[in-house]
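Comments concern the structure below.
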Number of protein chains: 2
Amino acid sequence: MISVITKRESILSTAAILFRQKGYAATSMRELAEQVGMEAASLYNHISSKEEMLKSICFQVGESYLLHLTEVNQMQAGFREKIARFIHLHLAITIQNIAFVSVANHEWKHLKEENLKTFLEMRKTYEAGVKNILIKGMDSGDFRKMDPSITLYTLLSSLRWVEVWYKENRNISVQELEKNIEHFILNGLST
Amino acid sequence: MISVITKRESILSTAAILFRQKGYAATSMRELAEQVGMEAASLYNHISSKEEMLKSICFQVGESYLLHLTEVNQMQAGFREKIARFIHLHLAITIQNIAFVSVANHEWKHLKEENLKTFLEMRKTYEAGVKNILIKGMDSGDFRKMDPSITLYTLLSSLRWVEVWYKENRNISVQELEKNIEHFILNGLST
DNA sequence: AGAAAAAAAACTAACGGTCGTTAGTTTTTT
DNA sequence: AAAAAACTAACGACCGTTAGTTTTTTTTCT
């Protein structure tokens with residue numbers, strides 16, 4: 001089954017790459033258009049604004065994260081397994097959508113008004129969900145008792161570098177990457 | 001002894017706060033000037049360009065990091081103690097210079113030409129130095145053998161969230177923050 | 001100590017440039 | 001023929017910075 005990529009999707013994809021590379025504010029519609037192979041004014045046949053692109057990218061990533069959190073929560077498994085699964089899914093999203101994830105991680109602050117507010121709420125929901133797993137894991141004795149917020153942010157942050165660093169030509173397999181990070185984090189959580 | 005803050009320092013400090021908040025590219029000289037309490041054109045009595053400010057901020061942070069790496073290397077101590085000291089110093093720089101560190105972490109990509117090149121080299125030197133400690137720690141059996149680059153970036157990244165999150169009114173002491181993170185990282189490194 | 005001169009710093013005005021986007025016109029596709 | 005998509009031209013806005021002018025501060029002189 002051949003997947004057809006629309007012009008809009010192509011524009012979004014290129015936008016994400018440029019936003020990641022140069023930053024949202026420093027990326028102009030003219031250079032985006034040039035990369036796509038058209039004039040800037042023509043972009044508006046496919047997108048409604050620069051802001052709309054940023055929103056679309058950020059919210060797609062946010063929603064993927066929330067979906068996967070739901071999957072982890074529905075697992076019948078211990079907390080270590082849940083965090084391991086969480087790490088796996090998180091890295092999978094990252095590696096498959098490097099540019100989108102990078103933009104959602106770094107450029108969200110350029111969202112306007114309600115978009116920003118909604119995105120931050122979405123993020124807060126996600127973080128609370130992960131924190132909940134950590135807290136339960138601490139209560140059950142699987143994880144060492146530590147300040148839940150510090151633990152949460154240290155964990156999430158320790159995954160963040162991958163979107164900066166990852167390239168397909170790295171001399172390392174995704175499995176090894178994941179195993180190393182998983183070990184680091186699970187040990188970090190242990191008593 | 002009363003420390004006199006120059007107008008230039010005040011401008012740089014305010015610039016760092018705004019760059020952190022809005023991003024370098026999205027911060028105008030006019031709004032920076034307004035925050036400092038003057039007209040944009042007057043800034044040029046004290047700084048030579050917008051780029052020069054970004055450079056100054058980034059390089060001050062970079063140099064602090066390198067200084068502290070030197071201190072850690074000169075310690076007569078085991079590798080666990082070295083990493084613990086490294087974490088302590090890293091967090092200390094971060095907490096005392098939130099805006100500067102944040103800008104150096106996120107806005108460096110806006111540096112131009114030679115400034116960018118030099119900054120990236122500086123960073124490379126720093127990372128190589130930390131990686132060296134990790135490798136030696138692995139060789140000595142203090143740390144588990146893992147891919148050194150993955151370990152390095154996971155470690156550095158796990159400290160990164162503090163500049164986003166930290167505020168003086170947090171219900172947590174710096175000591176507890178440090179202790180929690182230190183435990184996470186040292187356990188993550190252990191066999 | 002006070003006045004005058006010099007230097008520094010602040011202001012106003014404007015330059016040359018870029019930006020996101022809109023409004024027509026033309027071309028291509030349906 | 002109609003609709004969609006591409007183009008050209010331009011709008012209104014903002015930008016970093018320079019060049020004068022004015023004001024303030026510092027230095028020099030008596």
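Note on naming: letters A, B, ... go to the chains in the order of the sequence lines (proteins, then strands), and numbering restarts at 1 for each one. Bear in mind the structure is a predicted one, so any value in this text is a computation, not a measurement.
The side chain of Met38(B) has dC11(C) as its nearest neighbour among dG20(C), dT17(D), dC11(C). Of all nucleotides listed (dT21(C), dT8(D), dA13(C)), dA13(C) comes nearest to the side chain of Ala41(B).
Within the 4.0 Å cut-off from OP1 or OP2 of dA8(C), not a single side-chain nitrogen or oxygen of Lys7(B) is found. A sub-4.0 Å separation between OP1 or OP2 of dC14(D) and a side-chain N or O of Ser28(B) is absent. Contact annotation: Ser42(A) reaches the phosphate of dC7(D) (side-chain N/O to OP1 or OP2, under 4.0 Å).
A donor atom on one side chain and an acceptor atom on the other are found under 3.5 Å apart for Ser56(B) and Gln60(B). Glu163(A) and His106(A) share a side-chain donor-acceptor pair at under 3.5 Å.
When rounded to the nearest whole Å, the span between CZ of Phe19(A) and P of dC19(C) equals 13 Å. Taking atom CD of Glu52(B) as the reference point, atom P of dG16(D) lies 15 Å away to the nearest angstrom. Tyr44(A) has its OH atom 17 Å from the P atom of dT8(D), to the nearest Å. The distance between atom CD of Glu31(A) and atom C1' of dG17(C), rounded to the nearest whole Å, is 15 Å. Atom CZ of Arg30(A) is separated from atom C1' of dC11(D) by 11 Å (rounded to the nearest Å). One interatomic measurement links the two molecules: NE2 of His46(B) to P of dA7(C), which rounds to 18 Å at whole-angstrom precision. Rounded to an integer number of Å, the gap from OH of Tyr24(A) to C1' of dC19(C) is 12 Å. Between the CG atom of Leu54(B) and the P atom of dG16(D) there is a distance of 13 Å, given to the nearest Å.
Nucleic acid contact for Ser48(B): none, since no nucleic acid atom lies under 4.0 Å from a heavy atom of the residue.
Under 3.5 Å, the side chain of Asn45(B) and the base of dA10(C) form at least one donor-acceptor pair of N or O atoms.
Note on Glu71(B) versus Arg85(B): salt bridge recorded, some NZ/NE/NH1/NH2 to OD/OE distance being below 4.0 Å. A salt bridge links Glu31(B) with Lys22(B): the distance from a Lys NZ or Arg NE/NH1/NH2 to an Asp or Glu carboxylate oxygen falls below 4.0 Å.
In this structure, dA5(C) and dT26(D) make a Watson-Crick or G-U wobble pair, each of the two defining distances being under 3.5 angstrom. Pair assignment for dT25(C) gives dA6(D), based on Watson-Crick or G-U wobble hydrogen-bonding distances that are each under 3.5 Å. Pair assignment for dT30(C) gives dA1(D), based on Watson-Crick or G-U wobble hydrogen-bonding distances that are each under 3.5 Å.
Residues Asp142(B) and Phe79(B) come closest through the heavy atom pair OD1-CD1, 3.8 Å.
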